[in-house]
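Some notes on the structure that comes next.
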Protein chains: 2
Amino acid sequence: MKTNLRKYRFEQDDLSQQQLADMIKVSRQTIVAIERGDYNLSVKLALLLARKLNTTVEELFQLEEKDYV
Amino acid sequence: MKTNLRKYRFEQDDLSQQQLADMIKVSRQTIVAIERGDYNLSVKLALLLARKLNTTVEELFQLEEKDYV
DNA sequence: ATTTAATGTCAAATATATTTGACATTATGT
DNA sequence: ACATAATGTCAAATATATTTGACATTAAAT
């Protein structure tokens, strides 16, 4: 799962991981894991993140080759 | 989690639950659960579904009041 | 130089998504 | 009326997301 959450976190509001985590009520480790991209979050979190960062799920997360079926 | 997966499944390609499940390599029960809306699928599945049905994650899934934080 | 905030990472525990199998009900076709 | 496909639903098992806690490292501020 490719993501540019980190880019948006900085460019949009310059939030810390902790601030972003608090905004959507998850742990900071969850944000870390998502940014590392090795991890398949729920669509609910994805929608909340996209909403907070004024963008879309598709813009924030992209499938990679290995994800296609 | 509000969804109109069912609507898209019919309107776009008139697929059966089983056909759609096969296309994205999940079980039929997963499709059933998603359509029932009581269930928070992964963003990877959401992206695959949106892709197969020629739409977006936001169009397919919407947060409800209780989901907002 | 020293404090403080931000980040990276690990492991264990817990919650929840997803699968598998099985059976009942409803719709569709012949 | 009968067969077949599609759907609804349940429970148990398994896989994986998410949390919690703890500690190390890096960046920023004073």
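Labels below follow one simple rule: chain letters A, B, ... track the order of the sequence lines, proteins then strands, and each chain is numbered from 1.
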For [Y], does its backbone N or O pair with a side-chain atom of [X] as donor and acceptor, under 3.5 Å?
X	Y	answer
A:N40	B:S42	no
A:Q19	A:S16	yes
A:E64	A:M1	yes

Does anything in residues 14-35 of chain A reach DNA chain D, meaning a heavy atom under 4.0 Å, and if so which residues?
->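 Result for residues 14-35 of chain A: A:K25, A:V26, A:S27, A:Q29, A:T30, sorted by number.
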Any chance you could measure B:I34, atom CD1, to B:Q29, atom CD, to the nearest 0.5 Å?
-> 11.5 Å
Supply the atom-to-atom distance A:R9 CZ to A:I31 CD1, rounded to the nearest 0.5 angstrom.
->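 CD1 of A:I31 is found 8.0 Å from CZ of A:R9.
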For salt bridge (Lys or Arg N to Asp or Glu O under 4.0 Å), just list the numbers for A:E35 and A:R6, CA-CA rounded to whole Å, side-chain angles, deciding distance to a tenth of an Å, and then say yes or no.
-> CA-CA 6 Å; A:E35 287 189 354; A:R6 195 186 188 83; 2.7 Å; yes
Min side-chain heavy-atom separation [X]-[Y] under 4.5 Å:
X	Y	result
A:E58	B:L47	yes
A:R51	B:Y68	yes
A:Q12	A:N54	yes

Where along residues 46-55 of chain B does a heavy atom fall under 4.0 Å from DNA chain C?
-> none
Between B:L41, B:V57, B:T55, which is the residue that forms a side chain to side chain contact (heavy atoms under 4.5 Å, CB included) with B:L49?
->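 Between B:L49 and the candidates, side chain to side chain contact (heavy atoms under 4.5 Å, CB included) is satisfied uniquely by B:L41.
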Under a criterion of less than 4.0 angstrom to any heavy atom of chain B, what are the 5'-terminal and 3'-terminal contacting nucleotides of DNA chain C?
->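 Range of nucleotides within reach of chain B: C:dA17 to C:dA22.
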